[in-house]
K.L.:
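What follows is a structure written as structure tokens; I'll ask about it next.
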Amino acid sequence: MPVEPGPRRSRRRPRRIGRLPGVRGLLTGVAAVTGTALLVGALPWLSGRDIALSVLRARETDRNPDPATLAAIRAQLDLPADPVTGTLQWVGGLARGDLGRSWVSGRPVAETLLPAFGISLTLAGTAALAALVMAVLLAVPALRRAADGRTDGGRLASVAAGALAALPEFVLAVLLVVVIAIGLRLAPTSGFAGPEHLVLPVLALALPAAGLLGRVLGDAVQSTAAEAWVRTWRAAGVRRGVVMAEVGRRAVTAMVPLLLLLLVGNLGAAVVIEAVFDIPGLGGISLKAALAQDVPVVQAAVALLVGLGLLIGGGGIGLHRLLVGPALAGAGLTPEASPPAPQAGRWAAGVAAVLGAVILAGLLRDPTAQDPGKRLAPPSWAHPLGADPLGRDVLARFGHGALLSVGPALAVSAVVLAVGLLVGLRAHSARAGLADVLNALPAVVVGIVVAAVAGPGLGSALVAVCLVAWIPLAVHARSLAAEARASGFYAAAQTSGAGRWYLVRAHLLPVVGPPVLRHALTRLPAVALALAGLSFLGIGAGPESPEWGRTLADTAVYLERAPWVVAAPALGLILLGVIASLVRTER
């Protein structure tokens with residue numbers, strides 16, 4: 001007699017509490033804030049510097065640090081015995097809404113930090129919005145070509161985007177002050193008292209960001225133009241404007257997380273811009289506090305940035321899903337790799353040859369020889385690119401500086417590209433995580449911590465930049481991989497039993513790898529500038545180094561009097577951006 005089957009048991013395992021999205025996000029946020037607070041709290045112990053002496057120097061630079069004074073400061077601050085104890089005390093206060101008191105000023109941290117946070121958020125948000133508008137304008141030629149059935153973007157617009165992405169922000173800020181504020185008197189030179197004070201700082205932040213976003217958006221437009229549905233719509237006679245709008249909407253999906261990432265990154269990275277325009281923002285306050293080892297202020301600033309990074313990172317992922325729609329889960333996408341360029345690299349090789357020839361000419365000269373009688377001398381036969389403030393040949397400094405600028409920047413770009421691809425491809429579910437947390441940490445603060453452990457030097461600067469520069473690439477790869485996994489060909493390969501590594505090698509890398517590689521090339525000048533910023537703070541290359549970024553930082557004050565001193569390294573960085581864009585756009 002046949003036995004009647006009993007009720008079928010569900011194979012679905014009960015979800016653990018730690019796997020619930022809301023609980024997991026809360027735990028991630030708590031762990032991120034606690035971990036970064038511990039990292040910052042350990043800064044005095046890592047550096048080996050006397051906390052009381054650092055606080056005294058920040059309060060009164062000329063006062064004699066006698067033992068009695070230092071003992072009084074230690075008693076006043078009630079310093080913790082170790083970083084773990086201090087961090088736990090600070091986190092306990094944070095849970096009660098208390099951000100602590102500044103070790104330097106003695107004031108509640110919230111009174112100083114929250115207004116500065118609002119100023120920086122206004123500046124970064126306005127700059128991000130302006131960058132998005134300019135990026136869309138740069139992508140219009142590529143949209144028009146896509147609507148006409150061409151998968152090659154506008155070459156001129158792409159080269160312009162690459163050049164904008166390579167603009168040194170602090171040089172651009174000084175140039176805007178000299179030309180617009182001082183020369184034309186169209187905007188205030190400094191301060192933050194009204195909307196008119198936003199114009200120049202926003203331009204200084206938005207123009208390079210617009211170039212970067214424009215390159216990413218143009219690349220996404222070209223990839224979208226190669227998808228089958230675009231050809232189907234064109235064959236069906238769909239109007240050009242409708243095709244342009246839908247291609248643009250489809251292309252912008254991969255850029256939305258990057259745009260929000262840029263918003264958070266600008267909050268912590270606009271230290272130089274805030275210094276040039278004397279803006280009392282979060283970046284400048286965090287930097288001063290880190291240098292003075294004012295741990296409660298730095299802990300609160302980093303906690304704000306990390307919390308906002310997680311919030312905005314999750315918002316970017318949610319907006320990405322909303323823009324893509326049901327296709328993200330229904331195998332309704334058809335992303336394709338961009339067609340190979342048959343003549344790729346011809347114009348890029350030409351520009352690289354010109355740049356290489358100038359570098360070679362500089363390498364044949366002595367970068368250390370000084371002639372006090374030719375300080376800031378204009379270009380001449382003896383000095384084709386002029387002389388610097390110490391009478392040294394700018395051409396020689398340019399050539400030798402290329403070895404310290406382009407070489408390390410290429411090495412860092414290769415490392416962060418590999419890490420970004422690895423992290424982005426391993427993220428099977430697009431949710432806010434490690435990348436969104438680390439993105440909120442300013443490279444300057446990371447550099448100070450690394451220098452405290454390993455000592456200052458170019459190696460410390462390289463490590464610091466590597467620790468943060470992979471994040472935009474990982475987020476870009478994560479978004480593209482999520483769309484590739486939602487494609488019909490990926491679902492078909494999974495159904496047929498394809499292994500994990502085969503799926504990565506055959507279906508994800510061809511779609512994700514090329515645009516992320518071009519993204520990394522576009523960021524090459526930005527990597528060089530990040531190294532320069534750390535060198536300027538004494539963490540990277542020394543003050544006598546001919547490194548391009550260090551040279552820009554040291555000579556930006558001479559922009560109005562001797563522009564040729566700044567022009568050489570600035571043009572070198574811009575040409576790097578142009579070369580990256582030509583590698584991408586040549587057809």
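Computed from heavy atoms alone, side chains included, the values below leave out hydrogens, waters and symmetry copies. Positions are given from 1 along the sequence.
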K.L.:
What are the two closest heavy atoms between Val565 and Ala387, and how far apart are they?
P.N.:
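Result for this residue pair: CG2-O, 3.5 Å.
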K.L.:
Looking only at non-hydrogen atoms, find the nearest pair between Leu508 and Ala481 and report the distance.
P.N.:
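Closest approach of Leu508 to Ala481, heavy atoms only: CD2-O, 4.2 Å.
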K.L.:
Nearest 0.5 Å, please: how far is CG in Leu205 from OG1 in Thr126?
P.N.:
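One gets 10.0 Å once the value is rounded to the nearest 0.5 Å.
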K.L.:
Please give me the minimum heavy-atom distance between Gln370 and Leu390, naming the atom from each residue.
P.N.:
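Scanning both residues, the minimum pair turns out to be CB-O, 3.6 Å.
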K.L.:
So do Leu404 and His400 actually touch side chain to side chain, heavy atoms under 4.5 Å?
P.N.:
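Heavy-atom side-chain distance check fails, nothing below 4.5 Å.
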K.L.:
To the nearest 0.5 Å, how far apart are CG in Leu364 and CD1 in Ile359?
P.N.:
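Rounded to the nearest 0.5 Å, the CG-CD1 separation comes out at 12.0 Å.
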K.L.:
Output yes when a side-chain donor or acceptor of Trp564 lies under 3.5 Å from a complementary backbone atom of Pro384, and no otherwise.
P.N.:
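The answer is no, because no donor-acceptor pair under 3.5 Å joins these two groups.
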K.L.:
Report yes if some heavy atom in the side chain of Ile119 is under 4.5 Å from a heavy atom in the side chain of Leu282; otherwise report no.
P.N.:
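The answer is no, as the side chains (C-beta and beyond) never meet within the 4.5 Å cut-off.
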K.L.:
For Ala135 and Leu213, which heavy atoms make the closest approach, and how far apart are they?
P.N.:
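Closest heavy-atom pair between Ala135 and Leu213: CB-CB, 3.7 Å.
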K.L.:
For side-chain contact (heavy atoms from CB on, under 4.5 Å), just list the numbers for Val566 and Leu175, CA-CA rounded to whole Å, side-chain angles, deciding distance to a tenth of an Å, and then say yes or no.
P.N.:
CA-CA 10 Å; Val566 181; Leu175 181 63; over 6 Å; no
K.L.:
Under 3.5 Å, side chain of Arg375 to main-chain N/O of Pro389, donor-acceptor pair present?
P.N.:
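Side chain of Arg375 to backbone of Pro389: a pair is present.
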K.L.:
Tell me, please, which residues at least two apart from Phe277 pass ring-ring contact (aromatic ring centres under 6.0 Å, His included).
P.N.:
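For Phe277, no residue satisfies ring-ring contact (aromatic ring centres under 6.0 Å, His included) once neighbours in sequence are set aside.
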K.L.:
Hey, could you give me the CZ/CD1 distance between Arg478 and Ile471, rounded to the nearest 0.5 Å?
P.N.:
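Atom-to-atom, Arg478:CZ and Ile471:CD1 are 11.0 Å apart.
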K.L.:
Looking at CG of Leu480 and NE2 of His519, how far apart are the two atoms once the value is rounded to the nearest 0.5 Å?
P.N.:
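Rounded to the nearest 0.5 Å, the CG-NE2 separation comes to 10.5 Å.
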K.L.:
For Val527, run the side chain to side chain contact (heavy atoms under 4.5 Å, CB included) check against Cys466, Ser405, Ser413 and tell me which one passes.
P.N.:
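Of the listed options, the one satisfying the test is Ser413.
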K.L.:
So which heavy atom on Leu164 is nearest to which on Gly211, and how close?
P.N.:
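Looking at all heavy atoms of both residues, the closest pair is CB-CA, 3.8 Å.
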K.L.:
Name every donor-acceptor pair, under 3.5 Å, that has one atom in a side chain of residues 414-424 and the other anywhere in the protein, sequence neighbours excluded.
P.N.:
none

K.L.:
Would you give the length of the straight line joining atom CG of Leu521 to atom CG of Leu576, rounded to the nearest 0.5 angstrom?
P.N.:
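Interatomic distance, Leu521 CG to Leu576 CG, rounded to 0.5 Å: 10.5 Å.
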K.L.:
Please tell me if the side chains of Leu363 and Leu403 come closer than 4.5 Å, counting only heavy atoms from C-beta onward.
P.N.:
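Yes; the side chains approach each other to less than 4.5 Å.
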K.L.:
Are the side chain of Trp548 and the backbone of Phe398 linked by a donor-acceptor contact shorter than 3.5 Å?
P.N.:
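The answer is yes, because a donor-acceptor pair under 3.5 Å joins these two groups.
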K.L.:
Would you say that Leu376 contacts Asp388 through its side chain, given a criterion of any heavy-atom pair below 4.5 Å between the two side chains?
P.N.:
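No - every pair of side-chain heavy atoms lies 4.5 Å or more apart.
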K.L.:
With a 6.0 Å cut-off (strictly less than), is the heavy-atom count around CZ of Arg365, excluding the residue itself, greater than 12?
P.N.:
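Enclosed: over 12 neighbouring heavy atoms sit under 6.0 Å from CZ of Arg365.
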K.L.:
What is the minimum heavy-atom distance between Pro201 and Leu123, and which atoms define it?
P.N.:
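It is CB-CD1, 3.6 Å.
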K.L.:
Return all side-chain donor-acceptor pairs below 3.5 angstrom for residues 177-193, not counting sequence neighbours, or 'none' if the list is empty.
P.N.:
none

K.L.:
The test is side-chain contact (heavy atoms from CB on, under 4.5 Å); show your working for Leu132 and Leu217 and say whether it passes.
P.N.:
CA-CA 10 Å; Leu132 176 63; Leu217 181 57; 5.9 Å; no
K.L.:
Once rounded to the nearest 0.5 Å, what's the spacing between atom CE of Met134 and atom CG of Leu129?
P.N.:
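The distance works out to 9.5 Å.
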